[in-house]
Visitor: 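Quick one: the structure is below, questions incoming.
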Amino acid sequence: MSGFSLFDLNPEQEQAVRTTEGPLLILAGAGTGKTRVITMRVAFLISQGVDPSHILAVTFTNKAADEMRERLAKMIEPSQAKKVTMSTFHALCVRILRQDIEKLGWKKNFSIYDEGDQMGLIKKIITRTAAKDEKLDPNVAKNLISKAKNNGWREVSPGDEKTLAGAVFARYQAELKTLNAVDFDDLLLLAVKVLSEHADVRDRWHRRFRYLMVDEFQDTNRLQLELVSMLAKPAEGTGGRPNVAVVGDDDQSIYGWRGAEVSNILEFEAHFPDPVVVKLEQNYRSTNAILNTANFLIKNNPRRRPKKLWSSAGDGDKVRIVGMSDDRQEAEFIANEIAQRSVTESAPHEEFAILFRMNAQSRLLETNLRQLNIPYRIIGGKSFFDRREVKDLLAYANCLVNTDDDVSLLRIINTPARGISSNTVEKATDFSAKQKCSVFDVLTNEAFRGTLTKRTVESLDRFVEMLDRFETKLNTPLSDHAAVLREMMKETGYLDELKRTCKTPQEALSRETNLMDLLKSFEDYQGRSSEGLRGFLDEMSLRQEREEDDDDARGTGVTLITLHAAKGLEYPHVYLIGLEEGLLPHDRSKLEGTVDEERRLLYVGITRARRTLALSWCRHRIRYGSPMPCTPSSFIKELPPEWIIHRDATQILQAPVSEAAAKSKFGALRAAVERAAG
DNA sequence: TGCTTTATAGTTTTT
DNA sequence: CTATAAAGCA
């Protein structure tokens with residue numbers, strides 16, 4: 001059952017696993033067995049006598065952390081595996097801050113604001129701060145704030161407040177603090193701050209973690225690098241070297257637009273001097289036709305660590321570049337071909353994936369796949385956490401845990417309607433701003449209540465009493481927190497109101513199910529953790545990932561996915577569509593000077609394919625309703641001529657056909673007829 | 001308070 | 001074109 005063997009590794013992988021002391025940079029190309037190396041390195045460390053609780057493995061996403069945990073549990077004693085800390089950057093920061101955030105002036109029960117909460121707050125501040133003729137896009141403001149936090153303008157200088165954006169930033173920060181809340185960037189920022197300003201805190205975490213590993217290092221931003229440095233670097237003068245192993249691939253850095261710094265991996269030696277550098281170049285995923293296409297393309301990037309993927313799997317089929325007359329033909333062609341190939345090559349639908357730059361491109365594909373009755377699943381889309389009822393319940397819960405959390409309080413203060421009008425709410429927020437206290441405190445403030453009608457005051461009393469009562473219930477020792485929430489949903493009439501406002505019974509059922517699912521997962525959480533509601537809310541805030549496919553069609557069908565979301569995944573047969581100038585590379589990237597990142601994006605897409613790969617481009621594409629002429633992506637000229645083959649969809653469709661191909665043509669014909677009829 | 005109309009913009013997305 | 005958000009209306 002359990003166990004691991006270094007004999008299963010190639011020489012480079014083995015070197016990566018065996019290098020346990022000092023800085024280590026593992027340059028792991030696509031499909032080179034990265035996760036295997038990381039988990040085996042952890043197992044190896046433990047086999048060498050390292051206390052598992054001294055090992056920290058940081059990942060970017062929960063999914064990656066979960067996968068690592070699972071794999072490790074198969075290699076070593078599960079009780080040992082459990083002691084290893086495997087966590088995302090943000091979850092690690094929450095752990096640090098829950099202990100010591102009071103040193104920075106927040107209370108221990110701080111709330112974590114997700115992007116939605118953050119946007120709500122920013123919008124509110126903009127409308128309050130902006131003069132009549134001034135306007136500021138809240139999205140722009142959000143990005144500015146995030147950039148500011150990541151670039152270390154920790155505080156705003158007085159001069160910055162003259163601009164609207166500067167003023168909004170300053171007020172946003174101040175307001176978060178009075179709300180006793182932090183956003184995602186703050187988690188990193190404040191963790192770095194508390195570690196750098198408090199030697200005792202730093203020492204404690206130093207003693208805790210002796211061996212650090214960081215996955216997807218090319219995606220780390222400046223604060224994440226600082227955090228790693230802070231945790232890894234032995235105190236000045238001790239002469240020790242940091243045991244920090246990072247794994248990543250600069251060629252797969254595709255998140256620069258949200259703060260990732262490729263320089264973290266490109267200039268690793270500057271941050272951690274004299275590291276051992278191991279390159280993993282043997283690929284276990286793709287054919288050499290695919291790998292050479294990828295290698296040849298990525299060579300065009302100037303700033304990179306040279307790498308050349310190779311495989312012992314043979315050459316494979318050439319990579320097809322298919323020219324299409326327009327995006328309709330592109331979708332139709334691909335749907336038809338998948339229908340055909342699933343028969344002639346007896347390839348199940350789940351072996352196919354269609355990759356694209358923009359979500360909007362999936363629409364036509366969906367239409368065509370549906371017409372041919374080909375099952376498909378779209379990765380991405382709306383998140384479970386964006387659903388109104390889920391946010392409402394979490395807001396109720398947040399109010400019980402942190403009464404200063406105005407954003408949550410305002411969300412539920414009159415949901416369902418309980419006689420607290422928007423007018424009253426506005427008065428209350430104004431009052432709280434003047435008094436520099438939370439809205440909840442204002443509700444019981446006599447001076448404020450004096451300005452209201454008797455009726456309104458009664459409504460407020462009922463609301464406050466309700467929150468107080470459930471808060472007390474929650475804090476009763478041994479109370480079942482999930483049951484308290486469930487009771488609250490009933491008693492406040494929220495559940496009834498939710499069902500009442502649904503147009504269809506199906507909708508009512510699905511919304512109620514969402515609520516019950518959330519409560520169920522809270523019960524599960526209570527079963528495995530003693531952190532209570534606060535811990536559950538942390539986990540919910542930090543697990544924002546989109547849920548996988550809708551129940552029944554799990555893991556079946558053709559995958560439709562963006563290039564970004566496809567990173568880390570693989571499919572036997574890949575169609576990569578829309579290789580047109582302006583789409584890939586995207587127009588905006590030329591404006592912003594990030595064409596290199598677009599090239600890496602295409603590189604990521606190409607290296608998803610195991611056996612066959614087709615790239616397509618259209619001569620016309622419908623944009624904003626009308627057809628626009630397109631030219632093939634400049635990246636196509638960068639591909640190796642001997643490993644690719646150019647085709648044209650129109651010619652293929654007109655060529656004499658085999659029986660199987662004839663079937664697909666019939667399908668297209670039937671589809672066309674159905675379209676005309678419908 | 002909830003619904004309809006109108007305006008507007010329009011990559012990529014996890015924590 | 002079409003999704004979404006804000007504004008206006010009953």
Visitor: Would you classify A/Asn221 as touching base, sugar-phosphate or nothing, given that sugar-phosphate means primed atoms plus P, OP1 and OP2, and contacts are heavy atoms under 4.0 Å?
Guide: nothing
Visitor: Could you pull out all residues at least two apart from A/Asn62 that satisfy side chain to side chain contact (heavy atoms under 4.5 Å, CB included)?
Guide: A/Thr88, A/Arg543, A/Glu545
Visitor: The criterion is ring-ring contact (aromatic ring centres under 6.0 Å, His included); which residues satisfy it with A/Trp106, sequence neighbours excluded?
Guide: none
Visitor: Choosing from B/dT13, B/dG2, B/dT15, which nucleotide comes nearest the side chain of A/Thr61?
Guide: B/dT15
Visitor: Could you pull out all residues at least two apart from A/Val407 that satisfy side chain to side chain contact (heavy atoms under 4.5 Å, CB included)?
Guide: A/Tyr113, A/Asp117, A/Leu121, A/Leu179, A/Asp405
Visitor: Using side chain to side chain donor-acceptor pair (under 3.5 Å) as the criterion, list what pairs up with A/Asp392, not counting sequence neighbours.
Guide: A/Arg411, A/Tyr494
Visitor: If you look at every strand shown and take non-hydrogen atoms under 4.0 Å, does A/Asp185 touch a base, only sugar-phosphate, or nothing?
Guide: nothing
Visitor: Pick base, sugar-phosphate or nothing for A/Glu592, based on heavy-atom distances below 4.0 Å to the nucleic acid.
Guide: base
Visitor: Would you kindly give the CD1-to-P distance between A/Ile254 and B/dT14, to the nearest whole Å?
Guide: 11 Å
Visitor: Is A/Phe89 stacked on the base of B/dT15, meaning ring centres closer than 5.5 Å and planes within 30 degrees of each other?
Guide: no
Visitor: Tell me if the aromatic rings of A/His586 and A/Trp257 count as close, with their centers under 6.0 Å from one another.
Guide: no
Visitor: With sequence neighbours excluded, tell me which residues meet side chain to side chain donor-acceptor pair (under 3.5 Å) with A/His620.
Guide: none
Visitor: For nucleotides 1-10 of chain C, read 5' to 3', which letter fits each nucleotide if B means a protein heavy atom sits under 4.0 Å from the base, S means only the sugar-phosphate is that close, and - means neither?
Guide: B-S--S----
